[in-house]
S.K.: 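One structure, pasted below without further comment.
We name chains A, B, ... by the order of the sequence lines, and we start the count at 1 in each one. Please read these numbers as outputs of a predicted model, since none were measured by experiment. These numbers come from the heavy atoms of this one structure, side chains and all, not from hydrogens, waters or symmetry mates.
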Amino acid sequence: MELVEESPYRFRIDPHGDMRVPGVVFASRSLLPDVTADKAIEQVANVATLPGIVEASYAMPDVHWGYGFPIGGVAATDVAADGVVSPGGVGFDISCGVRLLAADLDRAELPRVRERLMDGLDTAVPRGMARGAVWKIDDRAQLNEVLLGGSRYAVEQGHGVERDLTRCEDHGAVSDADPDQVSDRAVQRGQGQVGSLGSGNHFLEVQAVDHVYDDDAAEAFGLRPGQICVMVHSGSRGMGHQICTDHVRVMERVMPRYGIDVPDRQLACAPVFSPEGRAYLGAMAAAANYARANRQLLGEAARRVFERTVGRRLDLVYDVSHNLAKIESHRVDGADRQLCVHRKGATRALPPGHPDLPADLAGVGQPVLIPGSMGTPSYVLTGVAGAPAFASTCHGAGRAQSRTQAAKSVRGKDLRDQLEAQNISVRGASMRGLAEETPQAYKDVSAVVGSAEGGGLCRRVARLVPVGVVKG
DNA sequence: ATGTCC
């Protein structure tokens, strides 16, 4: 496996074996995974063998090893050319993503209210492995409303305002959700978790805008220097996990029927137009709506805490997923084609003027929300015109160490003390969970977004630093 | 990521 440097932030894997297209990795030389030690690059090449794949199997600067597809991967298949959809190209946490809200509060006002705010969030945000969620849903009929309506349903039920929908990807819900493709077990796992953070790298953070790179874009997004924000990173919990499990199982079974042979069984897939492909996409869309409703309720919980404890408002900046497949129209070889774009640990980044943007963002592009690792900055980026990789960019710092490795390297209590010493308030669910999320286990998020910008995938708008973290 | 194995 050889990586050819095309430009300072772009490396190519020439097609070999069953690869139908090249692999392209956007990264600086120092972020580039070690081909011999890391299976991520091999996974980029494996994805290039999928039926119907167009242009290239892309990897973002935060790429690392994942289930079948690498995390930080983008792959698009041509729907009309028997292109496939693969659950492994989305990941287990379907529609995992980020929601950013901006407070009517300045950093200078924070010290006197910070601990009250953090204690309020500590009790208001259900998280960790323990049961508990903002919403208690006990029948399938109401859960179906969540699966069909996403954030829109939550807002209709009084959990938010209309503007939350204009500032959410897909206006708060995708229209092609098919709850009939969601198994009873997925429903059982999901119904007690609507409005819960989960664990692992999921968090709710209070952050401050530390630096603005682009004044016009920041203003359009509703961000100014020194502003206090709330960032929510969460997904579709047990619901998405079960949907992925269920549909991978089906696809493994039917692949031979479609004459599909893949180099790794974790790349299980089916043609987009096949019954199995459509079933997965319908269930995946349901999980996407579930995750949006989840983040809507968590954002709303934070909003109530801000109103009650400091009497300040929280306005939605944006909500965007980084684990999703979407049917999108893109120009390939001079023709507009319907593509199934898989983004796994990769964020859609619409350029200025894109028709799917709300009117007030048309001039600047879509806000792209990049959560850092614990105690490190997060970034707000925006899409750029003529960008490669089907308008996609990175999704976060990207893991460099396994959870087990991380937990061995540091004690949760020491980490909490270090964060508190840096003036970052910590409300964790478990000490083991904190240790697994030590920033040493992650790549440098600033280097990742620098490479993403250097590779022409996006532009930096603002840097946010954490002042308080609520961990799952 | 995940009722860290149905």
S.K.: For A:H354, which residues count as a side-chain hydrogen bond (donor to acceptor under 3.5 Å, both in side chains) partner, sequence neighbours excluded?
M.R.: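 So A:H354 forms no side-chain hydrogen bond (donor to acceptor under 3.5 Å, both in side chains) with any residue.
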S.K.: Give me the one residue out of A:R303, A:H159, A:R295, A:R292 that meets side chain to side chain donor-acceptor pair (under 3.5 Å) with A:D164.
M.R.: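 Answer after filtering A:R303, A:H159, A:R295, A:R292: A:R303.
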S.K.: With the criterion being N/O to N/O and under 3.5 Å, what pairs connect the protein with nucleotides 3-6 of chain B, and how long is each?
M.R.:
unit_1 : atom_1 : unit_2 : atom_2 : d
B:dG3  : OP1    : A:R189 : NH2    : 2.2
B:dG3  : OP2    : A:Q193 : NE2    : 3.0
B:dG3  : N1     : A:R189 : NH1    : 3.3
B:dG3  : N2     : A:R189 : NH1    : 2.6
B:dG3  : N2     : A:R189 : NH2    : 3.3

S.K.: Tell me whether A:R459 is salt-bridged to A:E453, with the criterion being a basic N under 4.0 Å from an acidic carboxylate O.
M.R.: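 So A:R459 does not pair with A:E453 through a salt bridge.
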S.K.: What is the separation between atom NE2 on A:H247 and atom P on B:dT2, rounded to the nearest whole Å?
M.R.: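 Result: 19 Å.
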S.K.: Measure CZ/A:R432 against C1'/B:dT2 and give the value in whole Å, please.
M.R.: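 In whole Å, B:dT2 C1' and A:R432 CZ are 14 Å from each other.
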S.K.: Would you please name every residue forming a side-chain hydrogen bond (donor to acceptor under 3.5 Å, both in side chains) with A:S196, sequence neighbours left out?
M.R.: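 By the side-chain hydrogen bond (donor to acceptor under 3.5 Å, both in side chains) rule, A:S196 matches A:R237.
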S.K.: Please tell me if the side chains of A:M284 and A:L324 come closer than 4.5 Å, counting only heavy atoms from C-beta onward.
M.R.: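 Side chain of A:M284 against side chain of A:L324, heavy atoms only: contact under 4.5 Å found.
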S.K.: Check every strand shown and say whether A:G200 touches a base, only sugar-phosphate, or nothing at a heavy-atom separation below 4.0 Å.
M.R.: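 Sugar-phosphate contact only - A:G200 comes under 4.0 Å of backbone atoms but never of a base.
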S.K.: Please tell me if the side chains of A:M255 and A:C269 come closer than 4.5 Å, counting only heavy atoms from C-beta onward.
M.R.: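 In contact.
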S.K.: With a 4.0 Å cutoff (strictly under), does any side-chain N or O of A:S199 reach OP1 or OP2 of B:dT2?
M.R.: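 Yes, within the criterion.
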